[in-house]
Amino acid sequence: MTIERVAVVGAGTMGNGIAHVCALAGLEVVLVDSDQGALDRGVATIGSNLERQRSKGRISAAERSGALDRIESATALQRVSQAGLVVEAVPEIADLKYEIFDQLDRFAPHDAILASNTSSISITAIASRTQRPGQVIGMHFMNPVPVMKLVEVIRGLRTGDATTETVMALSRTLGKVPVEVRDFPGFVSNRILAPMINEAIFTLMEGVAEAEAIDTVMKLGMNHPMGPLALADLIGLDTCLNILEVLHRELGDDRYRPCPLLRQYVAAGWLGRKTGRGFHDYDGGR
Ligand code: NAD
């Protein structure tokens with residue numbers, strides 16, 4: 001099956017990046033967000049990120065404007081009705097995703113593939129909310145989407161071979177490297193990454209070192225391109241907490257218990273880069 005039109009639901013950190021790479025690859029895109037302000041910010045971010053790619057000579061001016069022309073935005077979920085593939089990127093809250101998939105199943109064409117960008121929630125459970133579990137799959141892009149090569153493709157228990165093949169092929173068309181994994185909590189990426197981030201937060205909470213020092217040890221000592229606390233700020237601390245809660249609940253093992261300091265930061269509204277403050281400060285301490 002060849003996909004020509006994609007709908008992306010959620011225009012936040014991940015959704016605008018997914019829309020960006022799809023449009024740049026020549027696909028028609030409708031970007032849907034229930035919040036008009038978030039939709040406007042998402043479209044503006046795509047514009048500035050495409051412009052940055054152009055100014056660095058990575059894409060031409062024609063590619064930039066062509067990509068922008070291929071993106072429509074909408075607040076109504078019904079606008080997925082023409083899409084061959086829908087990629088959902090709403091917050092990491094299981095009940096919200098179940099509700100969205102119930103609606104996508106009603107509004108999307110009957111042969112469309114429904115993908116979730118979830119970081120940790122069961123694809124099998126999401127798929128069972130629909131009448132088309134064979135056409136539901138995980139398509140886990142990495143942040144920032146235009147830069148990162150990996151797409152973790154997650155097969156739910158009932159995901160069909162044709163669906164998997166179409167999504168693997170489409171990911172390659174987007175210039176990505178797809179890796180197929182099975183549907184277990186956190187898949188591969190967050191099963192390994194989230195406990196590392198959590199341990200870094202415990203290390204901070206217990207006063208072993210300051211945030212800057214923890215990140216420097218992991219960058220210079222382990223050759224990580226960014227430290228775990230800076231990465232948590234990039235991901236969003238609310239998203240990190242949601243992922244750890246899924247791992248803790250679904251795997252039933254206390255080694256995944258979210259650090260109390262992470263809960264405190266989320267309660268304070270310090271969510272990382274998107275709010276200007278997390279474990280590091282992004283707006284000069286204002
Ligand atoms: P975000 O909070 O930046 O964006 C979520 C967007 O969804 C917001 O714009 C919000 O307005 C919109 N939204 C909320 N309810 C909606 C609804 N009912 N209908 C339509 N839109 C709605 O979140 P994010 O960081 O982009 O994460 C989205 C998904 O991607 C999550 O499942 C997350 O786990 C996953 N993910 C995140 C990262 C990351 O680094 N942030 C990486 C990989 C995967």
Side-chain angles (χ1 to χ4, degrees), residues 1 3 5-10 12 14-15 18 30 32-34 76-142 150-171 178-194 238-253 256 258:
M1 179 179 173
I3 307 285
R5 292 182 69 87
V6 174
V8 180
V9 181
M14 297 305 289
I18 297 166
V30 57
V32 183
D33 200 297
S34 51
L77 204 56
Q78 283 88 336
R79 290 285 296 283
V80 304
S81 63
Q82 310 272 307
L85 168 72
V86 183
V87 185
E88 165 276 314
V90 302
E92 189 74 349
I93 300 164
D95 285 343
L96 176 60
K97 300 219 188 254
Y98 297 158
E99 186 192 315
I100 295 274
F101 272 75
D102 176 53
Q103 293 181 53
L104 291 178
D105 197 28
R106 282 187 272 135
F107 299 143
H110 71 276
D111 58 350
I113 292 173
L114 307 182
S116 175
N117 189 52
T118 178
S119 304
S120 60
I121 295 166
S122 165
I123 298 299
T124 306
I126 291 174
S128 70
R129 267 39 190 205
T130 74
Q131 302 300 312
R132 60 177 101 185
Q135 291 159 239
V136 177
I137 194 162
M139 217 177 163
H140 185 208
F141 290 84
M142 303 293 129
L150 179 69
V151 179
E152 197 177 26
V153 175
I154 302 111
R155 273 191 88 127
L157 206 56
R158 297 168 72 183
T159 305
D161 291 340
T163 300
T164 308
E165 280 157 25
T166 301
V167 165
M168 296 289 283
L170 181 86
S171 302
V179 175
E180 191 184 320
V181 309
R182 297 207 192 103
D183 184 23
F184 282 92
F187 321 125
V188 171
S189 52
N190 281 307
R191 176 78 176 260
I192 297 171
L193 176 66
D238 50 343
T239 301
C240 291
L241 178 58
N242 288 333
I243 294 168
L244 281 160
E245 279 177 336
V246 170
L247 289 172
H248 191 204
R249 188 176 61 241
E250 302 290 324
L251 294 166
D253 189 329
Y256 301 109

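This chain uses plain numbering: 1 for the first residue, then up along the sequence. The analysis underlying the following values was restricted to heavy atoms, covering all of them including side chains, and did not include hydrogens, waters or symmetry mates. Here the structure is a predicted model, which means the values were calculated and not measured.
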Chemist: Name all residues meeting the side-chain hydrogen bond (donor to acceptor under 3.5 Å, both in side chains) criterion together with R79; count only those two or more places apart in sequence or in a different chain, and write none if there are none.
Modeler: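 Listed in chain order: E72.
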
Chemist: Specify the closest pair of heavy atoms between A83 and A112, including all atoms of both residues, with the distance to one decimal.
Modeler: O-CB, 3.4 Å

Chemist: Can you tell me which residue among S171, S189, S119 is in a side-chain hydrogen bond (donor to acceptor under 3.5 Å, both in side chains) with E152?
Modeler: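 The side-chain hydrogen bond (donor to acceptor under 3.5 Å, both in side chains) with E152 is passed solely by S189 among S171, S189, S119.
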
Chemist: Supply the atom-to-atom distance E180 CD to I137 CD1, rounded to the nearest 0.5 angstrom.
Modeler: 7.0 Å

Chemist: If you compare all heavy atoms of G12 against all heavy atoms of D33, which two are closest, and at what distance to 0.1 Å?
Modeler: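 Shortest heavy-atom separation between G12 and D33 comes out as N-OD2, 4.2 Å.
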
Chemist: Could you state the interatomic distance from CD (Q103) to CZ (R129), rounded to the nearest 0.5 Å?
Modeler: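 Reported to 0.5 Å precision, the distance equals 14.0 Å.
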
Chemist: Considering all heavy atoms of both residues, which atom of T163 and which atom of G134 are nearest to each other, and what is their separation?
Modeler: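 Smallest heavy-atom distance, with atoms named: OG1-O, 2.8 Å.
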
Chemist: If you take all heavy atoms of L247 and A194, which pair is closest and at what distance?
Modeler: CD1-CB, 3.8 Å

Chemist: Are T118 and E92 close enough that some pair of their side-chain heavy atoms sits under 4.5 Å apart?
Modeler: yes

Chemist: Can you sort out the partners of Q82 under side chain to side chain contact (heavy atoms under 4.5 Å, CB included), two or more places apart, ordered by chain and number?
Modeler: R5

Chemist: How long is the gap from CD1 on I126 to NZ on K97, to the nearest 0.5 Å?
Modeler: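 It is 6.5 Å, given to the nearest 0.5 Å.
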
Chemist: Go through the side-chain N and O atoms of N190 and S120 and say whether any donor and acceptor fall under 3.5 Å apart.
Modeler: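 Looking only at side-chain atoms, S120 and N190 do not form any donor-acceptor pair under 3.5 Å.
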
Chemist: What pairs with F184 under side chain to side chain contact (heavy atoms under 4.5 Å, CB included), at least two apart in sequence or on another chain?
Modeler: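 Side chain to side chain contact (heavy atoms under 4.5 Å, CB included) check on F184 returns R182.
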
Chemist: Could you tell me whether the side chain of T130 reaches within less than 4.5 Å of the side chain of L104, counting heavy atoms only?
Modeler: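 Answer no - side chains too far apart.
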
Chemist: If we only count heavy atoms from C-beta on, is the F101 to S116 side-chain gap below 4.5 Å?
Modeler: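 Side-chain contact under 4.5 Å: yes.
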
Chemist: Mind checking the CG-CZ spacing from D111 to R132? Nearest 0.5 Å is all I need.
Modeler: 8.0 Å

Chemist: Apply side-chain hydrogen bond (donor to acceptor under 3.5 Å, both in side chains) to N242 and list each qualifying residue two or more places apart in sequence or on a separate chain.
Modeler: none

Chemist: About how many Å separate CD1 of I100 and CG of D105, when rounded to the nearest 0.5 Å?
Modeler: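 Going from CG on D105 over to CD1 on I100, the span is 13.0 Å.
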
Chemist: With the side chain counted from C-beta on, respond yes when D238 and P91 share a heavy-atom pair under 4.5 Å apart, and no when they do not.
Modeler: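 A side-chain contact is absent here, since even the closest heavy-atom pair is not under 4.5 Å.
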
Chemist: For the residue pair D183 and L157, establish whether any side-chain heavy-atom pair is separated by less than 4.5 Å.
Modeler: no

Chemist: Is any side-chain heavy atom of R249 less than 4.5 Å from a side-chain heavy atom of V246?
Modeler: yes

Chemist: Please list, chain by chain and in numerical order, all residues satisfying side chain to side chain contact (heavy atoms under 4.5 Å, CB included) with D95, sequence neighbours excluded.
Modeler: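 D95 satisfies side chain to side chain contact (heavy atoms under 4.5 Å, CB included) with Y98 only.
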
Chemist: Output every pair passing salt bridge (charged side-chain N to carboxylate O under 4.0 Å, His left out) with a member in residues 156-167, not counting sequence neighbours, ordered by first then second residue.
Modeler: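 Qualifying pairs, neighbours excluded: R155-D161.
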
Chemist: Work out which heavy atom in A89 is nearest to a heavy atom in I18; give both atom names and the distance.
Modeler: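 What the structure gives for the nearest pair is CB-CD1, 4.4 Å.
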
Chemist: For T124 versus G156, what's the shortest heavy-atom pair and its separation?
Modeler: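 Between these two residues, the closest heavy atoms are OG1-CA, 3.5 Å.
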
Chemist: Determine yes or no for a side-chain-to-main-chain donor-acceptor pair under 3.5 angstrom, with N117 supplying the side chain and F141 the backbone.
Modeler: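 Yes; at least one donor-acceptor contact below 3.5 Å.
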
Chemist: Please report the interatomic distance NE2(H110) to CD(Q135), rounded to the nearest 0.5 Å.
Modeler: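 Going from NE2 on H110 over to CD on Q135, the span is 8.0 Å.
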
Chemist: Is a donor on one side and an acceptor on the other found under 3.5 Å between the side chain of E88 and the backbone of V90?
Modeler: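 Checking the backbone N and O of V90 against the side chain of E88, a donor-acceptor pair under 3.5 Å is found.
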
Chemist: Do the non-hydrogen side-chain atoms of L170 and M139 ever get within less than 4.5 Å of each other?
Modeler: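 L170 reaches M139 side chain to side chain.
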
Chemist: Among T159, I154, I113, which one satisfies side-chain contact (heavy atoms from CB on, under 4.5 Å) with T164?
Modeler: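 When T159, I154, I113 are each tested with T164, the side-chain contact (heavy atoms from CB on, under 4.5 Å) holds only for T159.
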
